[in-house]
Amino acid sequence: MLSLGGAVSLDVYQSFIQNERQRKLVDLAGRLADAFSERGEKYDREDAFPYENFDDLKKSGYGSLSLPKEYGGEEINLYELVMIQERLATGDAATALSIGWHLGGLMELTETRDWEEEVFKDLCEKIVANNALVNRAATEPATGSPTRGGLPQTKAIKTEKGWRITGRKSFTSMARVLDYSLVSAVIGDTEEKGFFLVDHDLEGVSIEETWDTISMKGTGSDDLVLEDVQLPPSSLVERDSGPGKSDLPKAWLLHIPACYIGVAMAARNYAIQFAKDYSPNSLPGPIKDVPEVQRKIGEIELELFKARQILYSVADKWVREPAKRGDMAAELSSVKHIVTNSAFHIVDTAMRIVGARSLFRTNPMQRYYRDVRAGLHNPPMDDMVIAMLANNALK
């Protein structure tokens with residue numbers, strides 16, 4: 001079981017911390033974030049994958065936090081996931097988003113127990129013992145985001161020994177350090193979709209380094225290539241028509257807005273410190289005394305307050321009122337829309353305070369600006385959220 005120690009380092013989290021356990025969790029995320037922050041510019045400039053960040057995550061036991069306690073985890077809830085992911089993203093957004101897919105997906109499995117228990121237990125034990133990393137691989141070039149409903153072209157064929165799977169997945173975050181992927185595939189000649197647990201050490205599994213973006217470079221969301229990969233019968237862990245399959249909304253996807261508001265928090269912190277320190281000779285003191293700068297800082301604080309209150313209150317409702325979870329799809333989707341758009345606005349305003357210096361490669365603001373833009377393209381997309389809200393109202 002992970003030992004959590006220390007105290008929270010930033011006052012901005014005090015109002016959301018409900019107990020000592022959460023204080024220790026935030027402090028753990030804070031120590032990691034501070035280390036990641038020191039490496040961010042170098043990784044970004046060199047287009048390098050942040051291997052050292054993932055080594056730190058593994059050493060700290062961060063990847064086991066959402067596992068069940070009986071299997072060696074801390075069984076953190078959604079509220080705690082949101083909190084630590086926001087804090088982690090202030091250090092490096094790409095690393096935070098990547099590990100968020102791992103933590104969030106495991107949190108859902110911990111809550112629903114949709115898998116055969118022995119298969120789930122085995123995966124948990126490998127994560128605890130070996131710091132294994134897992135992510136869902138569901139996006140394909142031909143289908144786009146799986147939230148749009150397209151059937152995957154990846155296909156799994158039943159064999160005498162289990163399954164044979166072939167296909168290609170794009171946007172596979174942290175692909176270079178993954179030990180396992182949950183791969184979506186059409187089952188045989190049907191139109192039924194299933195998810196298969198694929199060990200990356202198997203023959204026929206490879207990574208093609210296709211990730212070439214200006215935003216969230218460090219996620220290394222390369223292509224996962226599967227060529228006649230032989231899988232055991234137990235590898236089919238989920239199917240659309242499976243008995244007892246949970247139909248609850250994907251609340252764990254709140255790790256996405258948590259990450260991007262973390263980027264906004266980092267930009268806010270930088271801009272405020274800059275305003276305190278920068279004193280041009282045209283002024284009698286630092287620019288923090290200029291009314292227009294104060295107005296912009298006030299706008300940032302208001303936007304942060306709005307976004308974070310919505311994020312944390314909906315996460316808290318999920319935890320405290322489980323009977324209402326089935327009706328929370330619109331609320332969860334609205335949180336993502338509001339928070340990611342607020343984060344983008346906050347970073348833009350912070351850059352206006354810093355001015356042209358924010359565009360220098362050595363300045364972290366330009367990286368925050370590029371990274372926060374990616375949040376608009378994570379699921380669910382803005383148009384889908386608006387359509388859902390309209391349909392609900394019209395019903």
Side-chain donor-acceptor pairs of residues 275-282 under 3.5 Å, sequence neighbours excluded:
residue: D277; atom: OD1; partner: Q273; partner atom: NE2; Å: 3.2
residue: D277; atom: OD2; partner: Q273; partner atom: NE2; Å: 3.1
residue: S279; atom: OG; partner: G285; partner atom: O; Å: 3.2

Should side-chain heavy atoms under 4.5 Å link Ile, Leu, Val, Met, Phe, Trp and Tyr, which residues sit in the same cluster as L226?
W163, I165, V183, I187, F196, V198, L202, V205, I207, L224, V229, L231, L236
Given 3.5 Å as the limit, does a donor-acceptor pair link the side chain of [X] with the main chain of [Y], or not?
X    : Y    : answer
S358 : M365 : no
Q85  : A96  : yes
T219 : A94  : no
K217 : D44  : yes
Q22  : I17  : no
D199 : Y180 : no
W115 : K121 : no
S333 : A330 : no
H102 : V134 : yes
R370 : I214 : yes

Partners of D189 by side-chain hydrogen bond (donor to acceptor under 3.5 Å, both in side chains), sequence neighbours excluded?
K155
T210: which residues meet the side-chain hydrogen bond (donor to acceptor under 3.5 Å, both in side chains) condition with it, sequence neighbours left out?
D223
So does [X] pair up with [Y], basic N to acidic O under 4.0 Å?
X    : Y    : value
D348 : R352 : yes
R113 : E70  : yes
K24  : E74  : no
E192 : R239 : yes
K296 : E299 : no
K169 : E140 : yes

Check for me whether R268 meets the cation-pi criterion with Y368, that is, NZ or CZ under 6.0 Å from the six-membered ring centre and within 45 degrees of the ring axis.
no
Checking R176 against Y51: charged group under 6.0 Å from the ring centre and within 45 degrees of the axis?
no
Quick one, [X] and [Y] - any side-chain contact, counting heavy atoms below 4.5 Å?
X    : Y    : result
M83  : Q18  : no
S15  : F305 : no
L254 : P257 : yes

How far apart are the C-alpha atoms of N77 and E80, what are their side-chain angles, what is the distance that settles it, and do they pass the side chain to side chain contact (heavy atoms under 4.5 Å, CB included) test?
CA-CA 5 Å; N77 59 41; E80 293 165 338; 3.4 Å; yes
Indicate, with yes or no, if [Y] and [X] share a hydrophobic cluster defined by side-chain heavy-atom contacts under 4.5 Å among Ile, Leu, Val, Met, Phe, Trp and Tyr.
X    : Y    : answer
V263 : F274 : yes
L304 : L376 : no
I99  : L123 : no
I261 : Y369 : yes
W252 : V385 : no

Distance-only polar pair, side chains of [X] and [Y], donor-acceptor under 3.5 Å:
X    : Y    : value
D222 : T172 : no
D179 : N130 : no
N378 : Y260 : yes

I'd like to know whether W101 forms a side chain to side chain contact (heavy atoms under 4.5 Å, CB included) with H255, so could you lay out the CA-CA distance, the side-chain angles of the two residues, the decisive distance to 0.1 Å, and finally the verdict.
CA-CA 8 Å; W101 295 113; H255 84 90; 3.3 Å; yes
Check whether more than 12 heavy atoms from other residues, nucleotides or ligands sit under 6.0 Å from atom [atom1] of [X], and answer yes or no.
X    : atom1 : result
E116 : CD    : no
E321 : CD    : yes
K158 : NZ    : yes
E292 : CD    : yes

The complete set of salt bridge (charged side-chain N to carboxylate O under 4.0 Å, His left out) pairs with one or both residues in residues 48-57, sequence neighbours excluded, reads R39-E52, R39-D56
E86 and Y13: side chain to side chain contact (heavy atoms under 4.5 Å, CB included), yes or no, with the steps?
CA-CA 10 Å; E86 180 194 351; Y13 297 94; 3.7 Å; yes
Would you please indicate if the ring centroids of F49 and F54 are separated by under 6.0 Å?
yes
Checking Y79 now: which residues fulfil ring pair (Phe, Tyr, Trp, His ring centres under 6.0 Å) with it, not counting sequence neighbours?
Y312
Check against side chain to side chain contact (heavy atoms under 4.5 Å, CB included), L332 and L253:
CA-CA 8 Å; L332 294 164; L253 290 176; over 6 Å; no
